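Below: the structure, in structure tokens.
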2 protein chains.
Amino acid sequence: MLRSIGDYIDIVGAETISKIYKKASRLYGKRVANVNATFLGGGVAEILGRLVPFMNEVGLDAEWRTIHGSPAFFDVTKSFHNALQSGTLELDDHKKSLYMEINQEYANFTHLNIYDCLIVHDPQPLPLIKFYRKQQPWIWRCHIDITEPNEELWDFLKQFMIRYDIIIVSSEKYKKPDIPVPQRVIAPAIDPLSLKNRELSEQELLNCLNELNIPRDKPIITQVSRMDPWKDPEGVLEVFSLVKEEVDCRLLYCYNLATDDPEGIKIYDRVYKKAKKFEKEGDVIFVVGNNELIVNAIQRFSTVILQKSIREGFALTVTEALWKAKPVIAGNVGGIPSQITDGENGFLVDPHNYKECAEKVVEVLKNPKLAENLGKKAKERVRDNFLTTRLVSDYLDLLDEVLK
Amino acid sequence: MLRSIGDYIDIVGAETISKIYKKASRLYGKRVANVNATFLGGGVAEILGRLVPFMNEVGLDAEWRTIHGSPAFFDVTKSFHNALQSGTLELDDHKKSLYMEINQEYANFTHLNIYDCLIVHDPQPLPLIKFYRKQQPWIWRCHIDITEPNEELWDFLKQFMIRYDIIIVSSEKYKKPDIPVPQRVIAPAIDPLSLKNRELSEQELLNCLNELNIPRDKPIITQVSRMDPWKDPEGVLEVFSLVKEEVDCRLLYCYNLATDDPEGIKIYDRVYKKAKKFEKEGDVIFVVGNNELIVNAIQRFSTVILQKSIREGFALTVTEALWKAKPVIAGNVGGIPSQITDGENGFLVDPHNYKECAEKVVEVLKNPKLAENLGKKAKERVRDNFLTTRLVSDYLDLLDEVLK
């Protein structure tokens, strides 16, 4: 659990690590606070859980603070999050004032002016900046897909964004010409030593398979995702039906369902009904991926990984699968094309074209050599671009720039 | 939502508020951080949610930080919490190391040495002190009943307690002669302006009653508590059966059930079965108290409040009921006798003696004058001793002492 920067030498090489130490040497003792909305669950918490300890290890005084929201506040910010990625929202005064109130309340007892630099993550704590007499660079780090945000919400949030010194997004396409603030791309990253990504022994893999009761007699196609319309779980079943006509295989749907997500539960019910015939024959298996080790093992014993998303932020689940040297077939959306070059280290498909998607899956299933080649290149792509070490390095560059 | 210290003048008087400002004047700009385990749910979060903004308003730089635990960590600390109050626990190395690791990890990226004083709440972040080069007073604030803690656990935790400068407990009986650290009593408090405690209009009350479908044709006996053996919900039913033989009335059980609390669900099932006959006739009503306004309203339209606990920390639910000028009949345990003087402003009973408890309930039901008198004195007792303003005042005294 307590990983140290030295543990990454075997993975990225001594030179990479040495460069990180050198960059950090200009920033010794600088106080940098990250503020986000949660320390449990979600990609941002995973990233900060590694990034912040790392920064401390190389000599910065980095902090990780989380805004103290109420359940009602998090309902509102969840609706904001969704509307920033898609379109619909009733942005009434009640939502606005709850959003502002919690930020103001948190600001009242949180003395951020002791820090040399603030990095605020995602929309939840975005308005914090309004409640301080600004004395240092503030960076807004947006982790979500903002290609087509709900306009009304965007206009409302703009007033806070323009107070920041720099905005960081996850992909070139998320840059916004209407925001007169310098914008920079930093791709997110995964931690190769986390429980979700570290190497597993054959024994650990087998234990997991046995525990989950998953037979290994047929190839396994896996999608790991929430039950969420943007992940198109029903489309995944359609694709599987088409594949199944060509190659006998199994579909493993590894999902996670929050008890406070009635929409997810509805979708699950629909998908489950639709899959019933296959599920009875044991050819569609649903697994609750509420445990990092399980997700890791599932990705590792899959033959092909699907990520048939219609919309994505960066898509860290794709990064995880690529890192495990798997052939990944994924929707050409969000951050996915920045990870996969079609035909090189995976396949990109039009997520609305089930036939195309199924054809690619069949191609990979029928051609183990191709699968192996894609997988090898997939892993190297991640090693070079999407590991924590690269992320730390990017943040050090950024801090060096804003703090000099 | 954003309450200000001036709002309390009408409740406690200008002199009390003025004294608070004067005490604070010696502490202007002092940096004091509170560290606890959660900002959502539970008495400690409620207290800090008021105390910390208050301290800032009177001129301190007070902070509220929460340890970043994992679900497994919180399972362990919940078992610690229970074992400190009762007795059984398997204190294995796995639990110990998870407990230490999370504290160490949090300490690695949390720079507490910038503060002039640390106040650490409850067992979850207790070991933090081990991971700092101590440079300021550290106070451990224990909110739970530690009269008979599990011995093995106590011995394990002692190593951390002895590093603190002062330990604060909620009642004289919790002081521990085996810990060579000065120990002080600070009773907790409630916020008279919170949604749970503020005055409600007749209309708000009626809306709540209608929404909950609670008839008002008979007197209402209420217990507000978790489904937890220490709150003895089955005993509450026994008492109600006895009362019912004398006076026609209703029992309202306002409970809260966490989905991660299988024991609570079992108890609920048992209680529900036991209450079935009454419940069918509408004389026992179960209400989920997952909303502060509901709890407030329920307490206000009850005729008698029961708190038949076998064990308690301080019992803030009792404070809440007393503040609402209700006759409260409560177990003579934990912090309850420090709030209720038997026969003066409520009744104390042996929680194992159902007959005695029922007799007191009947006495109050049959004697509205007595009920009114008890209630009036109950409210004054809380006003003088158990409101946020007194708590702030105590903390200011404490800080003045340790920081001078």
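The structure presented is a predicted model; accordingly, all values stated were derived computationally and were not measured. Lettering follows sequence order; numbering is per chain, from 1.
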| request: Measure the acute angle between the ring planes of B:W64 and A:H68, then classify it against the limits of 30° and 60° as parallel, tilted or perpendicular. | output: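 Rings of B:W64 and A:H68: perpendicular, over 60°.
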
| task | List in chain and number order the residues that pass side chain to side chain contact (heavy atoms under 4.5 Å, CB included) with A:E211, two or more places apart in sequence or in another chain; answer none if no residue qualifies. | result |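 So A:E211 forms no side chain to side chain contact (heavy atoms under 4.5 Å, CB included) with any residue.
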
| task | Answer with side chain, backbone, both or neither: which region of A:L51 has an atom nearer than 4.5 Å to a non-hydrogen atom of chain B? | result |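 Contact with chain B involves no heavy atom of A:L51 at all.
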
| said: Is A:F74 close to chain B through its backbone or its side chain, or both, or neither, when contacts mean heavy atoms under 4.5 Å? | reply: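 Side chain only.
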
| task | Select, from B:E57, B:R31, B:H111, the one with the greatest count of heavy-atom pairs under 4.5 Å involving chain A. | result |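 Of B:E57, B:R31, B:H111, B:H111 has the most heavy-atom pairs under 4.5 Å with chain A.
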
| query | Can you tell which of B:N56, B:V52, B:L40 has the highest number of heavy-atom pairs within less than 4.5 Å of chain A? | reply |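 Counting heavy-atom pairs under 4.5 Å, the top option is B:N56.
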
| Neighbour count >12 (heavy atoms, 6.0 Å) for atom OH, A:Y272 |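 Incorrect, the count does not exceed 12.
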
| said: Counting only non-hydrogen atoms closer than 4.5 Å, can you tell me which residues of residues 113-129 of chain A sit against chain B? | reply: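 Checking residues 113-129 of chain A against chain B gives A:I114, A:Y115.
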
| query | How many angstroms lie between CZ in B:F109 and CZ in A:R65, if you round to the nearest 0.5 Å? | reply |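 The distance works out to 11.5 Å.
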
| said: Quick check on B:I67 against chain A: is it the side chain, the backbone, both or neither that has a heavy atom closer than 4.5 Å? | reply: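 Just its backbone gets close to chain A.
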
